[in-house]
*Asks:* 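Pasting a structure below so you can have a look.
Fair warning: this is a prediction, and the values are worked out from it, not measured in the lab. Counting starts at 1 for both ligands and their atoms, in listed order.
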Amino acid sequence: MKLQLNLGMTGPTKADYIVVGTHSTDGKITKSNWSKEVKEAFDNCTLSKDFDGSKGSDLTFDMDQGRVLVLGLGDKKSYNSESVRHIAALVINALKTKAKSISVQIDTLAVKGNLELTASLLTESMRMTDYVFDQYLAKKATNKIKTVNLDSKAKKTTAKKVQKAIDEAEMVASSVNVARNFVNEPPNVLNSETYAKMVEKDAKNIKGVKVKTLGLSDLKKEKMGMFLSVNAGSAFGPRLVHLTYTPSKVTKNTKHIALVGKGLTFDTGGYSLKPGGSMVNMKFDMAGSSTVYGAFRAAAMLGLPVKISCFLGMTDNAVNEKATMPDAIVTARNGKTVEILNTDAEGRLVLGDVLSYASDLKPDTLIDAATLTGACLVALGTEVGGLMSNDNKLATKLLKSAQNTDENLWQLPIIDQWRDDMKSNIADLKNIGSNRFGGTAKAAAFLENFVGEGISWAHLDIAGVGDSQAHLPYCPKKGGSGIMIRTLVDFMKNTK
Ligand code: BES
Ligand code: ZN
Ligand code: ZN
């Protein structure tokens, strides 16, 4: 599917389908941005008399340049960026089986009269909607659409800016789709060893990016006792993929952001085995790592003027005769001892050591993402991500970025009682709280112990939003969502 920007258009490019939007007030539709010929064809269509332009309504009729699909956008006041994404998804889903070419009249879908923004949102959503995971299907999904014309009457002199917005949206959306692919790969294909290779391969050709991967002996040297305890029962070696992006210009003021992701390629629970029903889909327990990788990838491709280090902690949580037993006490990289009372609370063990490793670089900001707790789904549902931080300024910036990208993020507090609850009588810490309440923020209270002194840190719990966002038309009903990548990219864009 090719997206073709056509500026200086007085009418639609000839195509199988021509898409036009209209707002309505009290059943009266506006045709202010329509071309003369579309207006005439609409007025000549008898059915158009009944079309009220309300949100979700549509009308189809024919004209010389192609079949016209008019989409009701409802009241202009409630039309926003997310509305544009929804319209773009609707267009792709409605026409992918019907049209080889479509011409979208983008002026008629404009939000805030901003063409760059509109083109960017349309591109982002169309690419995200077009995503399918069909590697393992004999019958591949089909999208007949080969060309999407983005037609506008705007002057050709604005072409550079609008094209740039489209290209940048392509980079973000393709990174979302790469991350989704990683999540959707089954655990018999994607394990820590193969996953690390896949990331290395993907990152290889991005300008300014270097990759270094640590394996078992390196983690032993680093004394990552928590990470290693999770990997103890695995048939595969642990991997810590360390990616670095250096912008083309670096000064002493260049900010350094470190990203850390939970890469549990499968979480059986270990000896604290998950019941069968809860274990299904635990291939997605690496979504935190694919999220931070996706954000890193997009930021590097965009050439953002920040330095970014990205750390992906990869292993599965499996059971064999060497697997860690509950009651084990291990020593973390930073020297703290941890009593493992539940081997299913494994993500925090991997993340803790990786956070400590990342802290050595003394980044200005440290952000981790993880499918860390089932409790996050209880607290915030499956549509809202959890945010916890030791720095309210950073939390506010991340919340703003989530708002900018229409992703749902909500902050939970970390309080001293929960910090205390993570202390053990016979070790410095224990890996679960004394009851199941407040589980999401107690996990954050645990992680906080491994963040270097004075480092501004935030933790994103994406257990709910990491997959199966069926309510979003630009996300697959099942499988990796890529949600929170756009928030992180926006945050990095705004870091100066
Ligand atoms: N990967 C899970 C968290 C999870 C559970 C994500 C359900 C999505 C859906 C994590 O490793 C885990 O098992 N956490 C435990 C922690 C508990 C033992 C304190 C949980 O949430 O039950
Ligand atoms: Zn677990
Ligand atoms: Zn897990």
Side-chain angles (χ1 to χ4, degrees), residues 183 187 190-192 195 226-227 229-234 238 260-291 312-319 323-328 338-354 368-386 388 412 418 421-424 429-447 459-469 478-481 483-484:
V183 174
L190 186 145
N191 56 59
S192 45
Y195 184 22
M226 293 197 295
F227 191 156
S229 78
V230 177
N231 182 251
S234 176
V260 167
K262 171 177 174 182
L264 264 287
T265 57
F266 197 82
D267 182 9
T268 69
Y271 272 114
S272 313
L273 199 66
K274 285 184 186 292
S278 315
M279 202 189 291
V280 173
N281 200 40
M282 277 302 147
K283 67 172 184 179
F284 107 118
D285 213 17
M286 36 57 72
S289 62
S290 71
T291 300
L312 316 174
M314 301 173 179
T315 177
D316 53 20
N317 184 22
V319 199
T324 301
M325 288 169 199
D327 285 349
V338 177
E339 186 185 13
I340 299 176
L341 293 176
N342 189 322
T343 61
D344 197 11
E346 85 297 339
R348 60 198 74 185
L349 300 174
V350 171
L351 284 178
D353 276 342
V354 182
D368 76 75
T371 50
L372 207 61
T373 63
C376 192
L377 283 74
V378 179
L380 299 172
T382 55
E383 299 87 355
V384 182
M388 286 134 275
L412 301 172
W418 297 340
D421 196 39
M422 299 310 291
K423 289 181 182 152
S424 157
L429 295 163
K430 52 184 163 64
N431 78 327
I432 55 168
S434 49
N435 59 42
R436 62 194 175 81
F437 302 122
T440 302
K442 282 180 187 172
F446 178 88
L447 292 180
H459 160 60
L460 302 176
D461 195 328
I462 59 160
V465 298
D467 78 341
S468 305
Q469 297 292 286
K478 283 229 149 46
S481 66
I483 292 295
M484 287 303 142

*Asks:* Just one of D461, T440, L460 clears the side-chain contact (heavy atoms from CB on, under 4.5 Å) bar with L372, so which one?
*Replies:* D461
*Asks:* Do the side chains of Y271 and V319 get nearer than 4.5 Å, heavy atoms only?
*Replies:* yes
*Asks:* So among N317, T268, D344, which one has a side chain to side chain donor-acceptor pair (under 3.5 Å) with K274?
*Replies:* D344
*Asks:* Going by distance alone, is a donor N or O of one side chain under 3.5 Å from an acceptor N or O of the other, for N191 and T265?
*Replies:* no
*Asks:* What's the spacing between D267 CG and M279 CE if we round to 0.5 Å?
*Replies:* 8.5 Å
*Asks:* With no hydrogens and no angle check, is any side-chain donor or acceptor of D368 less than 3.5 Å from a backbone partner on V260?
*Replies:* no
*Asks:* What does the 4.0 Å heavy-atom contact list look like for ligand 1?
*Replies:* K262, D267, K274, M282, F284, D285, N342, D344, E346, R348, T371, L372, T373, G374, I432, A463
*Asks:* In the protein, how many N/O/S atoms are under 2.8 Å from the Zn ion (ligand 2)?
*Replies:* 4
*Asks:* Under 3.5 Å, is there a donor-acceptor pair linking the side chains of S424 and E339?
*Replies:* yes
*Asks:* Would you check if the Zn ion (ligand 3) lies under 2.8 Å from any N, O or S atom of K262?
*Replies:* yes
*Asks:* Drop me the distance from D327's CG to I340's CD1, to the nearest 0.5 angstrom.
*Replies:* 10.0 Å
*Asks:* Are the side chains of V183 and M286 in touch, meaning some heavy atoms are under 4.5 Å apart?
*Replies:* yes
*Asks:* Are the charged groups of K262 and D285 less than 4.0 angstrom apart, N to O?
*Replies:* yes
